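Each chain gets a letter, A, B and so on, in the order its sequence line appears, and its residues count up from 1. The structure presented is a predicted model; accordingly, all values stated were derived computationally and were not measured.
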There are 2 protein chains.
Amino acid sequence: MSINMTDLREKFRERQYKLTPQRQTILQIFVDHPDKHLSAEDVYDILRQHASDIGLATVYRTLELLSDLDILQKMEFGDGCNRYELNQNNTLHHHHHLICIACGLVKEFEDDLLETLETVIARKSNFTITDHQVKFYGYCQECQKKREG
Amino acid sequence: MSINMTDLREKFRERQYKLTPQRQTILQIFVDHPDKHLSAEDVYDILRQHASDIGLATVYRTLELLSDLDILQKMEFGDGCNRYELNQNNTLHHHHHLICIACGLVKEFEDDLLETLETVIARKSNFTITDHQVKFYGYCQECQKKREG
DNA sequence: ATTCCTGCAAAACATTTGCAACTAC
DNA sequence: GTAGTTGCAAATGTTTTGCAGGAAT
């Protein structure tokens, strides 16, 4: 759960981006909050708690940039904002999200079954598929109990 | 590609909603535009073309309502707005979306392979899964050619 | 009648952008 | 030094909400 600084600097240099303290700080937040799906506002709140004076616009710009560099993965859970999480070890993520439609809980689920599906779909559809995103909606254990009771 | 009016009235009555002309008109737009993923603004534009004076707020409220009744399916393609399509015959949709990351094209893909995956995941995760949404990102045939050239 | 619905305008959010000052390289 | 970056404030775009008048059952 850490970031290789050499690779990081290389990635930035390739695209002529500067590795500023602000960008490092924001990236560090994702390292410090593994398995969270942080929105721009979430990141901004954490920054303020740490008495940082990084502006909200910079947060947005940085999230977009880190996403472009495949350092972060951008995702939406239907709550009206974009959320991000670390793209571990530069490998494409092999986890999906289970979203509780009652309480909004988001749970991770590891799975590789979709690799096969991706191949099948690529062949049938003439698309060159580079990534996929899967969301399952339903009721978490907790909310399921409440509904039965 | 049509709507069973008896079922529709029943669905509305169950929840004590009124089947107003505005709601019928908006629903008809989805019947008239199969396989489109319309946003609230799209629907509003179509209404204006038909010289309708239904307000934008009503469009938003109706889309939310039809979505709640499982008559429409709500989805996001990362373009900053919610999009909707008819939930055909009340059955859960068995099609996924292929999204071109170059030109934004959204293509439908029919598939039932995920049914199996849903069962596996439900068992392993203690979630009661009611629906799933799958998006594949990549390059469509057209954009792929441009990239190679 | 009563409850729900509509249109309008204003408000609320999330996100983007213009710009002058600043900083990593 | 220069190109890229930042913070601020203003602008944008989508969606929600308050409210008075209106319509469906």
Side-chain angles (χ1 to χ4, degrees), chain A residues 5-6 8-29 37-48 50-69 71-72 74-84 104, chain B residues 5-6 8-29 37-48 50-69 71-72 74-84 104:
Chain A
M5 284 307 282
T6 312
L8 193 66
R9 282 180 198 288
E10 181 54 24
K11 272 198 175 181
F12 273 74
R13 192 168 45 229
E14 267 176 19
R15 304 267 292 261
Q16 282 158 307
Y17 291 137
K18 290 175 179 169
L19 191 47
T20 65
Q22 288 93 334
R23 288 171 180 176
Q24 291 186 56
T25 303
I26 291 171
L27 182 49
Q28 187 60 46
I29 287 179
H37 316 99
L38 303 174
S39 66
E41 206 69 43
D42 289 342
V43 171
Y44 186 61
D45 286 347
I46 294 171
L47 286 170
R48 310 213 94 191
H50 291 45
S52 164
D53 57 357
I54 298 177
L56 185 53
T58 300
V59 173
Y60 274 102
R61 285 185 283 229
T62 302
L63 295 181
E64 188 60 38
L65 183 116
L66 293 174
S67 206
D68 261 21
L69 293 176
I71 294 168
L72 293 182
K74 188 179 192 169
M75 48 192 62
E76 292 171 299
F77 295 124
D79 65 343
C81 64
N82 294 313
R83 296 185 167 276
Y84 300 81
Chain B
M5 284 306 282
T6 313
L8 194 65
R9 283 180 198 288
E10 179 53 28
K11 271 198 175 182
F12 272 76
R13 193 170 43 231
E14 267 176 18
R15 305 267 293 261
Q16 283 158 308
Y17 291 138
K18 291 175 181 170
L19 191 46
T20 64
Q22 288 92 335
R23 288 172 180 176
Q24 289 187 56
T25 303
I26 291 172
L27 182 49
Q28 187 61 45
I29 287 179
H37 315 101
L38 303 174
S39 66
E41 206 68 43
D42 289 342
V43 171
Y44 187 61
D45 286 348
I46 294 171
L47 286 170
R48 309 213 94 190
H50 290 46
S52 163
D53 56 355
I54 297 177
L56 185 54
T58 300
V59 173
Y60 274 103
R61 284 186 282 229
T62 302
L63 295 181
E64 188 60 37
L65 182 113
L66 293 174
S67 205
D68 261 20
L69 293 176
I71 294 167
L72 293 182
K74 188 179 192 168
M75 47 193 62
E76 291 172 300
F77 295 123
D79 64 344
C81 64
N82 294 313
R83 297 186 167 275
Y84 300 82

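Residue B/Arg23 places at least one side-chain N or O closer than 4.0 Å to OP1 or OP2 of C/dT6.
In this structure, A/Val59 and A/Gln22 have side chains that are not in contact, with every pair of non-hydrogen atoms separated by 4.5 Å or more. Annotation: side chain of B/His50 is not in contact with side chain of B/Thr25 (no heavy-atom distance under 4.5 Å).
Nucleotide D/dA23 holds its P atom 16 Å from the CD atom of B/Gln24, rounded to whole Å. At whole-Å resolution of the value, CG in A/Asp53 and P in D/dA9 are 13 Å apart. Spacing between atom CZ of B/Phe77 and atom C1' of D/dT14 amounts to 17 Å, rounded to whole angstrom units. Look at CD on B/Gln16: it is 15 Å from C1' on C/dC5, rounded to the nearest Å. For the pair A/Ile54 CD1 and D/dT6 C1', the computed distance is 10 Å after rounding to whole Å. Atom CG in B/Leu38 sits about 16 Å away from atom C1' in D/dT14, given to the nearest Å. Spacing between atom CG of B/Asp42 and atom P of D/dG13 amounts to 15 Å, rounded to whole angstrom units. In this structure, CG of A/Leu66 is placed 12 Å from P of D/dT5, rounded to the nearest angstrom.
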Where do N or O atoms of nucleotides 22-25 of chain C meet protein N or O atoms at under 3.5 Å, pair by pair?
residue: C/dA24; atom: N3; partner: A/Lys18; partner atom: NZ; Å: 3.1

I'd like a table of atom pairs between the protein and nucleotides 13-20 of chain C - only N or O on both sides, under 3.5 Å - with the distance next to each one.
residue: C/dT15; atom: OP1; partner: A/Asn82; partner atom: N; Å: 2.9
residue: C/dT15; atom: OP1; partner: A/Asn82; partner atom: ND2; Å: 3.1
residue: C/dT15; atom: OP2; partner: A/Tyr60; partner atom: OH; Å: 2.7

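Summarising the geometry of A/Ser67 relative to A/Lys74, their closest heavy-atom pair is OG-CB, 3.5 Å, with the distance given to 0.1 Å.
Taken to the nearest 0.5 Å, the CD1 atom of A/Ile54 stands 11.5 Å off from the CZ atom of A/Arg48. A distance of 10.0 Å separates CZ in A/Arg61 from CG in A/Leu56, rounded to the nearest 0.5 Å. Within the model, atoms CD1 of A/Ile26 and CG of A/Leu66 stand 7.5 Å from one another, a figure rounded to the nearest 0.5 Å. One distance of note links CD of B/Glu64 with CG of B/Asn82; it measures 8.0 Å at 0.5 Å rounding.
Exactly one residue among A/Leu65, A/Thr62, A/Leu63, A/Leu38 makes a side-chain contact (heavy atoms from CB on, under 4.5 Å) with A/Leu72. That residue is A/Leu63.
Atom CD of B/Glu10 sits in a crowded spot, with more than 12 heavy atoms from other residues, nucleotides or ligands closer than 6.0 Å. The 12-atom threshold is exceeded at CD of B/Glu14, counting heavy atoms of other residues, nucleotides or ligands nearer than 6.0 Å.
Comparing the local axis fitted to the first five base pairs of the helix from C/dA1-D/dT25 to C/dC25-D/dG1 with the one fitted to its last five gives a bend of 40°, rounded to 10°.
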